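Please read the structure below before turning to the comments.
The first residue of the sequence shown is numbered 1, and numbering continues consecutively from there. As the structure is a prediction and not an experimental result, all values here were calculated from the model.
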Amino acid sequence: MKPVRKRSCASAPAKVILFGEHFVVYGKPAVLAAIDKRIHVRVTARNDDKIMINSNMNFRGSFSRTKAERAVRKNFHSMTQPILAATIGAMNEFDSFTGLDIRIDAGFPYAVGLGSSAATAVATVAAVGSLFGRLSKQRICEVSLDAERIVHKNPSGADSAICTYGGLMLFEKGKEARPIKTRLDLPLVVVDSGVKRVTGKIVASVSKLRKSDSDVFDGLSNMSHGVTLQALDAIRRKDYAEIGSLMTLNHSLLRMLGVSTNTLDMIIHKALNGGAIGAKLTGAGGGGCVIALAGRNSQRNVLKSVRGYDAFATKLESRGVLIS
Ligand code: MEV
């Protein structure tokens with residue numbers, strides 16, 4: 001099948017995990033939010049069978065069809081590998097292949113827990129798929145999760161789901177993600193600790209702890225479960241004070257799990273002193289970002305309190321993947 005369009009663009013939002021990261025990999029619930037920053041993927045069909053990848057995220061590559069298909073099967077660590085998997089996965093949905101120029105532009109920091117790899121995979125599947133026909137959101141999510149598995153080995157699927165559907169959601173592995181209906185504003189400040197890290201490695205270190213200290217892990221996991229359920233209730237009641245203090249409590253659990261760092265703890269301390277209602281690391285930890293819930297009109301004060309770090313104010317994004 002030939003492409004029905006020569007070019008297409010898609011974008012997917014960044015995400016934050018408000019409650020439940022890591023424990024979500026082992027079946028506990030997590031609350032995620034899409035935020036108003038995006039990754040844009042532009043694809044143009046070529047007249048040959050090359051796949052050319054360019055991005056503003058410090059990676060690029062040029063692959064023949066054979067090399068691209070081999071790269072997807074072989075297990076090597078490269079930023080381009082999940083993109084090739086997403087590209088070929090999307091074309092396989094239509095039993096097709098075409099050479100492509102793929103341009104990826106991230107409008108937020110990457111490899112810091114904001115879902116850059118999931119958003120890239122989701123937007124790539126959507127952009128490539130739309131050259132040939134229509135893919136449902138569910139299929140976009142599934143194909144992009146297969147691509148994510150290449151790098152993250154054991155992803156819960158939470159990142160792919162939130163980057164596909166957007167909004168605020170309750171996610172449990174293996175179940176359909178449930179949107180949380182609320183008019184809650186989410187005035188957040190995202191602070192980048194400046195340390196990039198590989199999610200798969202942190203997830204693997206947690207898996208090691210789970211095996212060696214299973215009682216400790218189970219205790220933390222049950223507490224995380226309780227915090228997430230209580231947070232869900234607080235979100236429904238729009239009780240900002242409780243949401244904030246549960247975020248900070250969630251961070252303590254992650255610290256005990258061993259995925260925080262001194263820098264992340266220090267940023268959280270500064271943000272809370274600067275007036276944040278609650279703060280925690282978001283995503284895998286080991287570096288990456290802190291999210292702080294700011295009170296109404298207090299994002300600026302929180303930003304001031306973490307001066308010296310790359311930080312930005314953000315809010316909930318209701319839209320997930322978009323195709324144009
Ligand atoms: C990474 O953004 C979130 C983790 O819970 C891993 C996952 O859910 O796959 C750490």
Judged by atom type as modelled, is there a donor-acceptor pair below 3.5 Å linking the side chain of Glu21 to the main-chain atoms of Gly283? yes
If a pair satisfies side chain to side chain donor-acceptor pair (under 3.5 Å) and one of its residues is in residues 305-315, list it, with sequence neighbours excluded. Asp36-Thr314
Pairwise side chain to side chain donor-acceptor pair (under 3.5 Å) hits with a residue in residues 207-223, at least two apart: Lys28-Asn222
Is it true that Glu176 and Gln138 share a donor-acceptor pair across their side chains at a distance under 3.5 Å? no
Quiz question: by atom type and distance under 3.5 Å, do the side chains of Ser8 and Ser130 form a donor-acceptor pair? yes
What pairs of residues pass the salt bridge (charged side-chain N to carboxylate O under 4.0 Å, His left out) test when at least one of them lies in residues 156-172, not counting sequence neighbours? Lys15-Asp159, Glu172-Lys175, Glu172-Arg178
Where at least one partner belongs to residues 115-127, residue pairs that pass salt bridge (charged side-chain N to carboxylate O under 4.0 Å, His left out), sequence neighbours excluded: none
Pairs in or reaching into residues 80-130: which pass ring-ring contact (aromatic ring centres under 6.0 Å, His included), with residues at least two apart or in two chains? Phe94-Phe132
Hey, could you give me each pair passing ring-ring contact (aromatic ring centres under 6.0 Å, His included) that has a residue in residues 221-274? Not counting sequence neighbours. none
I'd like to know if Arg236 and Asp233 make a salt bridge, using a cut-off of under 4.0 Å between side-chain N and carboxylate O. no
Any Lys/Arg nitrogen of Arg103 or Asp101 sitting under 4.0 Å from an Asp/Glu carboxylate oxygen of the other? no
Knowing that exactly one of Ile53, Leu131, Asp49, Thr44 qualifies, which makes a side-chain contact (heavy atoms from CB on, under 4.5 Å) with Leu100? Leu131
